[in-house]
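Step one of this worksheet: look at the structure below.
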Protein chains: 2
Amino acid sequence: MSEQTRPPKLGRVATYAGQSLEVLRGMILDGTLAPAERINEVHLSQALGISRGPLREAIQRLASEGLVEAVPHRGVYVRSFSARELSDLYELRVALETHAVRLAARYAPQQRIDELGSMLDETESSMGSASGAYPEDPDFHARLARLAANPPLVEALTDVGRKIRLARARSAHQPRRARTALDEHREILAALVARDGEGAAAKLEAHLTSSLNNALAVLRAAEPD
Amino acid sequence: MSEQTRPPKLGRVATYAGQSLEVLRGMILDGTLAPAERINEVHLSQALGISRGPLREAIQRLASEGLVEAVPHRGVYVRSFSARELSDLYELRVALETHAVRLAARYAPQQRIDELGSMLDETESSMGSASGAYPEDPDFHARLARLAANPPLVEALTDVGRKIRLARARSAHQPRRARTALDEHREILAALVARDGEGAAAKLEAHLTSSLNNALAVLRAAEPD
DNA sequence: CTACTGACAACTGTCAACAGTTTGGCGTAG
DNA sequence: CTACGCCAAACTGTTGACAGTTGTCAGTAG
């Protein structure tokens, strides 16, 4: 009874629609709901233990985020991306992230940059051990974006990042590339520490380009149409 | 694992939720629903002649677009922007649009560029007459963005453009600036015709900066707190 | 065997009612 | 007069049922 007697903390979502949104997004991004798969509202609502109302609200938001495509009277489908669309997304991401890193080089406080460094150390130390070795660990790029201190920019990058993550859902963890990515992250950070915005942007673009090429290679290997 | 069907590609069939989305967006952008105003679901659904279900779905999408802020159990509010947020939005827009124009300078077919020119001619000829003289006519920038041939980029710019339009809802049409804007548009287009991506980007940035300054001035004049 | 027709099943879109939370007002105590 | 607490009105969140559409499949004509 007294478990939810907390005053309204901002950001806490105590609503089925809000929870469903996050659960669904997770199911799409981790592949539980595969690309091009049709979503059955009745089945899914029963699986989630809720009614169709809140579920539909969550789906609408996913549609607005571009993770799902809703065709009136015909159902909603998990979005699938072509190689061309993946390239477009990466190109957009490059534009956004290089801009972010230029801003960060100019305005970010030293402390925030240092935090990024220690985060990379942690990533490296926990890399040999567990299976949690992501080639593109989203944390680094997300934190990098936040250094630009421009919320709309961060939001735009979050959106693009989600679509990219879905687009390359097939290309699973590649521990070999993880080491390379970490090195490239360090180079970017080094330029950032030196307040060299252009250098950081160049390193970042190279990093993202090789990431795209890696994703494209995996994509074409999976379905060489 | 799961059965995969192809997403139907057909056009849009009318649905209350979809119609409400567009109507609501219009009401927000033209000021019928003022910034910081609370939206009453019952009242609004009756005004639209529909039930709360489809209306709520539309609202969810508006929330995802950032035009509206939904606080669980407390209602949804039309989003209002501070001067700082407006600046952030413009900064993001500059990054996106300059990137778009660089792409356009490299890849856009001549014909599409020429179409932009004739569009400007039409704008000019219809400027002296009617009241439809927008200082920032969205068409030019939207069409410019499309020349980049990168759909996610266009989408991102659309999102930012909507927020900006809402943020500067108070600064109404200013016919004096309309003429200036048209001239600046022509300069951008001239650089584009010359395939001078950097030049076009520079002109564009200057244009957007003066647009921001104009908006900020109007904003501070309206509420100098 | 193929092409069309009509009915059935499945699913999405919409609605009205129910339930839980927030908000503002009133009264009472200090 | 102010502060606190209770209560009712208003509103949002959720549900289950109903309605309209789409896709499928048997049955029939060519």
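A, B, ... follow the sequence lines: proteins, then strands. Residue 1 opens every chain. Keep in mind that this is a model prediction, so the values were computed, not measured.
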Would you confirm whether B/T32, through its side chain, and B/I28, through its main-chain N or O, come within 3.5 Å as a donor-acceptor pair?
no
Donor-acceptor under 3.5 Å (B/E37 side chain, B/A34 main chain):
yes
Distance only, no hydrogens: is a donor on one side chain within 3.5 Å (strictly under) of an acceptor on the other, for A/R102 and A/Y107?
no
Just checking A/I39: base, sugar-phosphate only, or nothing, at a heavy-atom cut-off of under 4.0 Å?
sugar-phosphate
Among D/dT15, D/dG13, C/dT14, the nucleotide that comes nearest once only the side chain of A/S51 is considered
D/dT15
Heavy atoms only, 4.0 Å cut-off, all strands: where does A/G53 land among base, sugar-phosphate and nothing?
base
Axis-to-axis angle for the helix from C/dC1-D/dG30 to C/dG30-D/dC1, ends of five pairs each, to 10°, equals 10°
Could you state the atom-to-atom distance from NE2 of B/H73 to C1' of D/dG13 in whole Å?
6 Å
Let me know the distance between OH of B/Y16 and P of D/dG20, rounded to the nearest Å.
10 Å
Provide, to the nearest angstrom, the distance between the CZ atom belonging to B/R56 and the C1' atom belonging to C/dC15.
14 Å
Output the single nucleotide from C/dC11, D/dC11, C/dT14 whose closest atom is nearest the side chain of B/R38.
D/dC11
Donor-acceptor pair, B/D88 side chain versus A/N150 backbone, under 3.5 Å?
no
Among the nucleotides D/dT12, D/dT14, C/dC15, which one has an atom lying closest to any side-chain atom of A/A17?
D/dT14
When the ring centroid of A/H99 is compared with that of B/H99, is the distance short of 6.0 Å?
no
If you count heavy atoms of other groups shown closer than 6.0 angstrom to CD of B/E41, is the number above 12?
yes
For atom CD1 of B/I59 and atom C1' of D/dT12, their distance in whole Å:
10 Å
Atom CG of B/L55 and atom P of C/dT14: how far apart are they, to the nearest Å?
12 Å
Between D/dT12 atom P and B/Y77 atom OH, what is the distance in whole Å?
9 Å
A/E41 CD to D/dT15 P, straight-line distance once rounded to whole Å:
14 Å
Does a distance-only test, which skips hydrogens and angles, find a donor-acceptor pair under 3.5 Å between the side chain of A/R52 and the base of C/dG13?
yes
B/H43 NE2 to D/dA9 C1', straight-line distance once rounded to whole Å:
17 Å
Think B/R74 has a side-chain N or O under 4.0 angstrom from the OP1 or OP2 of D/dT12?
no
Intermediate values then yes/no, salt bridge (Lys or Arg N to Asp or Glu O under 4.0 Å), B/E65 and B/R25:
CA-CA 10 Å; B/E65 289 176 12; B/R25 207 160 36 204; 2.6 Å; yes
Give a yes/no answer on whether the side chain of B/T15 brings an N or O atom under 4.0 Å of OP1 or OP2 in C/dT12.
no
